[in-house]
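See structure below.
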Amino acid sequence: MAFYKPERIAEITMETGVKKAHNSTMNVIILGFLAGAFIALGFLLDIRVIAGVSADWGGIAGLIGAAVFPIGLILVLLAGGELLTGNMMAVSLARFKQRISTIEMIRNLALVTISNLAGALFVAYFFGHVTGLTASGIYLEKLVAMAGHKLDDSFLQAFLSGIGCNWLVALAVWLSYGSDQMSGKIMGIWFPTMAFVAIGFQHVVANMFLIPAAIFEGYYSWGDYLMNFIPVWLGNFVGGALFVGMAYGSVYLKNSSSDQAVLRGERDAALPPSAPGTDNAQQVHSTPKVS
């Protein structure tokens, strides 16, 4: 199983961010919808698995739920998807290294936010509410309790919780880029994702499923959700962009191969056509005489 060094992971992450920023609007919307739905399905699985676990199990129940939740991020990164929290790291890194513009970064994050929300709401309404998977009994009780716990946080608490969450989620994405095999990617994704869920950090896309699902059952309000969405979004951005993207980018991309290629291009362009060491001079030197 091959594993890339951090310098190479940083380059892969930056190039991925560039590609994401240049995706067409339709592709971003489709992939964003899928990613939001995948994360929601992971959370739905979490609730269905742990709702019936006895309180006597204590933290073990939370650990079990955290262990199944990563299926959502695995689907995003292996099957394909545009997930807001991952893009906050990769696309911001591309902007930090001046490979894309600020407008391109904002466009991508805005489109992915909206499309992730659409996918998560789809699962919350049609699978949770209409199908009834979170509409009654112990599943409704667990849903409402988990949503209420998220909403109980103050603005500052939700913001800081968002930082911790995407610090771990962005590291999961980072580690997945470090392997060229599916098994290695799954291992890299699984443990950091499980950690943020077990700790109880707030993930803006997971909350797009959890809190609206409770609202659809008559609990809480959209105003309550908005006051949670804003600080968690901002915290997730700081956690992914600053604590992972910019931190590693400032260390590992000082002399990246892409930067070196740009410098070589600028150097060669500054040389006269006949100067030794240029491509034109080498080509003339190596061309055989024709009699």
Side-chain angles (χ1 to χ4, degrees), residues 23 25-49 51 65 68-77 79-88 107-137 139-153 158 161-162 165-166 169 193 196-197 201-237:
N23 255 344
T25 299
M26 184 56 65
N27 284 350
V28 173
I29 291 173
I30 293 172
L31 292 173
F33 177 90
L34 292 175
F38 292 158
I39 296 299
L41 288 170
F43 214 149
L44 179 59
L45 175 61
D46 180 352
I47 293 171
R48 296 289 296 185
V49 166
V68 300
F69 181 92
I71 184 64
L73 188 56
I74 290 171
L75 289 174
V76 170
L77 291 172
E82 289 282 331
L83 183 65
L84 178 60
T85 44
N87 286 22
M88 285 174 169
R107 167 190 171 274
N108 179 267
L109 296 183
L111 285 175
V112 174
T113 298
I114 295 169
S115 53
N116 280 180
L117 178 61
L121 289 177
F122 178 89
V123 174
Y125 184 77
F126 288 104
F127 296 164
H129 179 65
V130 176
T131 307
L133 294 177
T134 58
S136 62
Y139 306 110
L140 176 59
E141 292 175 6
K142 177 57 69 174
L143 171 74
V144 173
M146 295 177 76
H149 179 71
K150 303 295 185 184
L151 292 171
D152 283 343
D153 282 355
S161 181
C165 170
N166 211 27
V169 172
T193 307
F196 104 73
V197 178
F201 286 144
Q202 299 223 36
H203 187 280
V204 65
V205 182
N207 286 4
M208 289 175 181
F209 162 78
L210 179 67
I211 300 172
I215 293 173
F216 292 145
E217 304 307 332
Y219 296 84
Y220 313 117
S221 68
W222 292 106
D224 294 332
Y225 172 55
L226 181 62
M227 292 309 297
N228 171 269
F229 173 87
I230 295 171
V232 175
W233 195 103
L234 293 173
N236 283 176
F237 180 80

Heavy-atom pair with the smallest gap, counting every atom of N116 and A35: ND2-CB, 3.8 Å
Audit row: R107, T25, side-chain hydrogen bond (donor to acceptor under 3.5 Å, both in side chains) steps and yes/no: CA-CA 9 Å; R107 167 190 171 274; T25 299; 3.1 Å; yes
Evaluation steps, side chain to side chain contact (heavy atoms under 4.5 Å, CB included), between H203 and V232: CA-CA 7 Å; H203 187 280; V232 175; 5.9 Å; no
Value rounded to 0.5 Å, distance of CZ in F201 from CZ in F196: 10.0 Å
Test side chain to side chain contact (heavy atoms under 4.5 Å, CB included) applied to L41 and I71, step by step: CA-CA 8 Å; L41 288 170; I71 184 64; over 6 Å; no
Closest non-hydrogen atom pair between S161 and Q202, with its separation: OG-N, 2.8 Å
Beyond-backbone contact of L210 with I47, side-chain heavy atoms, under 4.5 angstrom: yes
Distance-only polar pair, side chains of D153 and N228, donor-acceptor under 3.5 Å: no
Contact summary for L44 and F127, nearest pair of heavy atoms: CD2-CB, 4.2 Å
Test item: E82 and F33 side chains (from C-beta on) under 4.5 Å apart, heavy atoms: no
Ring centers of F216, Y125 separated by less than 6.0 Å: yes
Check: F126 main-chain N/O paired with T131 side-chain donor or acceptor under 3.5 Å: yes
Spatial distance of atom OG1 (T134) from atom CG (L143) [nearest 0.5 Å]: 5.0 Å
I39 and F69, any side-chain heavy atoms less than 4.5 Å apart: yes
Note, L83 side chain near V112 side chain (heavy atom, < 4.5 Å): no
I211 side, atom CD1; F229 side, atom CZ - distance, nearest 0.5 Å: 10.5 Å
Distance-minimising heavy-atom pair for M88 and N236: SD-C, 3.5 Å
CE on M146 to CG on N207, rounded to 0.5 Å: 9.5 Å
Step-by-step side chain to side chain contact (heavy atoms under 4.5 Å, CB included) determination, L84 to V204: CA-CA 8 Å; L84 178 60; V204 65; 3.7 Å; yes
Check: N108/N23 side-chain N/O donor and acceptor closer than 3.5 Å: no
W233/T85 under side chain to side chain contact (heavy atoms under 4.5 Å, CB included): CA gap, chis, key distance, verdict: CA-CA 9 Å; W233 195 103; T85 44; over 6 Å; no
Within the 6.0 Å centroid threshold, strictly below: Y225 and Y220: no
Contact summary for P212 and L121, nearest pair of heavy atoms: CB-CD2, 3.4 Å
Heavy atoms from other residues, nucleotides or ligands near OH of Y219 exceed 12 (cutoff 6.0 Å): no
Shortest non-hydrogen separation from Y139 to A51 and the atoms involved: CD2-CB, 3.5 Å
